[in-house]
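Single-structure report; data block below.
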Amino acid sequence: MKAILTTPPKGGVKITDIKLREEKGLKLRTLRTGICGTDKEIVEGRLDFARTEIGNELVLGHEALAVVEDAGESNEFKKGDIVVPMVRRPGNCKMCRLGRQDYCEDGDFVEAGIRGRDGFMREEFYDKEKFLVKVNDRSIADLAVLTEPLKNVMKMVEIFNFQKNRIPTYCDDSTLKCKNLYVFGTGTEGLLISAVFKTMGINVIAVNRHPANETVAKFLEINDINYLDTSNESLSSHSKKYKMDFAIDAVGSMDIMRDISLNISNNGISILFGTSGQMPSSNYEFLGNLVDKNIVVIGSVDGAKVHYEEAIEFISNYGRKRSLDKLITGIYKPEETSIFTNKEKGEIKKVIQWS
Ligand code: BGC
Ligand code: ZN
């Protein structure tokens, strides 16, 4: 069968024929896989934790949608069911045993297509029932490939909801209508964050350093999200006018951390998701602000099964209404491996169609 392989930590990408390794569980046929920054970093040899399962090659792919070909002994799934496989697989620590491998305590987990486990960019694979999430609403089959990046956002919602009650951080009518969330980054993850938090009644401002391209602008308009182009108006000027109550970074640049700490309101909440590894261009004095302003800063990675389920639910309820289909800007054949290294004009989410 066809598979897309890389050689970590060196990287590279190629399509080749491999044999399907029989494993316990259900037999699945891949429908779609998405490509994200993590895949590109692995291919470019920039993700130092990327590692193989066996040998020196890794099957890429952690964002997937698949169909059950043989349900084996499963009670939960039957042939023909559409599923999303989970990325991270637990180790033995307490959090992993609780199903919260996203909060793994000792790093003893593996991640399909990223570290220690072959991914989903292949025609077929085997997986255990426990790591599959069913897509009951077949009308969203074209969009459900967004479940994996969206589950990261659902975990952020979980974090946010805890933190907003640390001290009452809502408006005096108990809603969040008077609050502003600045979301840094307008790639798939940034736009999904903006869309989800908007549905929670928060006023969302998407931030980037350049004007929004047509696709992004349209998506923001449909979702009633504001846009700040910092090449046009500085973050400090904008946030003086509107107040930055909350901030989420989906870029991963230390300079954004600085911008947040300097401009966020007292008692603000900030979630850091991006991990681009871009180093700060200034010193670290800005960290003092976090103390003085009682700022909560929380790092967030991955998500649990419940977040995949919430993501599927969100796509079912809002996918069409909020134009999530606009985020899929290209559908490619597995052979077109140049998509890992090329950046198409206006690209947001690239998807590979397997069958
Ligand atoms: C995935 C996460 C994963 C992280 C780090 C992201 O692209 O969405 O599930 O934990 O990469 O490997
Ligand atoms: Zn990803």
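Note that ligands are numbered from 1 as they come in the structure, with each ligand's atoms numbered from 1 the same way.
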Relative to the heavy atoms of [X], which atoms of ligand 1 are at a distance of less than 4.0 Å?
{"X": "Ile114", "result": "11 (O), 12 (O)"}
{"X": "Cys36", "result": "7 (O)"}
{"X": "Phe49", "result": "12 (O)"}
{"X": "Lys151", "result": "2 (C), 8 (O), 9 (O)"}
{"X": "Glu148", "result": "1 (C), 2 (C), 8 (O), 9 (O)"}
{"X": "Arg88", "result": "10 (O)"}
{"X": "Thr38", "result": "6 (C), 7 (O), 11 (O)"}

Does the SG of Cys171 lie under 2.5 Å from the SG of Cys178?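 Taking the criterion (SG atoms under 2.5 Å apart), Cys171 and Cys178 satisfy it, so yes.
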Check Arg21, Arg29, Arg89 against Asp127 for a salt bridge (Lys or Arg N to Asp or Glu O under 4.0 Å) and give me the one that passes.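 Output: one option passes, namely Arg89.
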Given Tyr182 and Leu235, is the side chain to side chain contact (heavy atoms under 4.5 Å, CB included) satisfied, shown in steps? CA-CA 10 Å; Tyr182 286 64; Leu235 186 66; 3.8 Å; yes
Given Glu41, Glu111, Gln101, which has its nearest heavy atom closest to atom 12 (O) of ligand 1?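 When every heavy atom of Glu41, Glu111, Gln101 is considered, Glu111 comes closest to atom 12 (O) of ligand 1.
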Could you tell me if Lys155 sits above the aromatic ring of Tyr103, with its cationic atom closer than 6.0 Å to the ring centre and no more than 45 degrees from the axis?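 Output yes; distance and angle both within limits.
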Under 4.0 Å, heavy atoms only, figure out whether ligand 1 is touched by the backbone of Pro149, its side chain, both or neither.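 Under 4.0 Å from ligand 1, Pro149 contributes no heavy atoms.
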Record the part of Asp102 in heavy-atom contact with ligand 1 below 4.0 Å; permitted values are side chain, backbone, both and neither.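 No part of Asp102 is near ligand 1 at this cut-off.
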Out of curiosity, is Glu63 lining ligand 1, as in a heavy atom under 4.0 Å away?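 Outside the 4.0 Å threshold, so no.
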Would you say the ring centers of Phe246 and Phe197 fall short of 6.0 Å from each other?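 Distance test on ring centres: not under 6.0 Å, no.
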Any side-chain heavy-atom pair of Cys36 and Lys349 under 4.5 Å: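 Heavy-atom side-chain distance check passes, below 4.5 Å.
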Minimal non-hydrogen separation, Phe77 against Leu132, with atom names: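 Looking at all heavy atoms of both residues, the shortest contact is CZ-O, 3.6 Å.
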For Ser253 and Asp255, test the side chains for any donor-to-acceptor distance below 3.5 angstrom and give the result as yes or no.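 Not at all, the side chains of Ser253 and Asp255 share no donor-acceptor pair under 3.5 Å.
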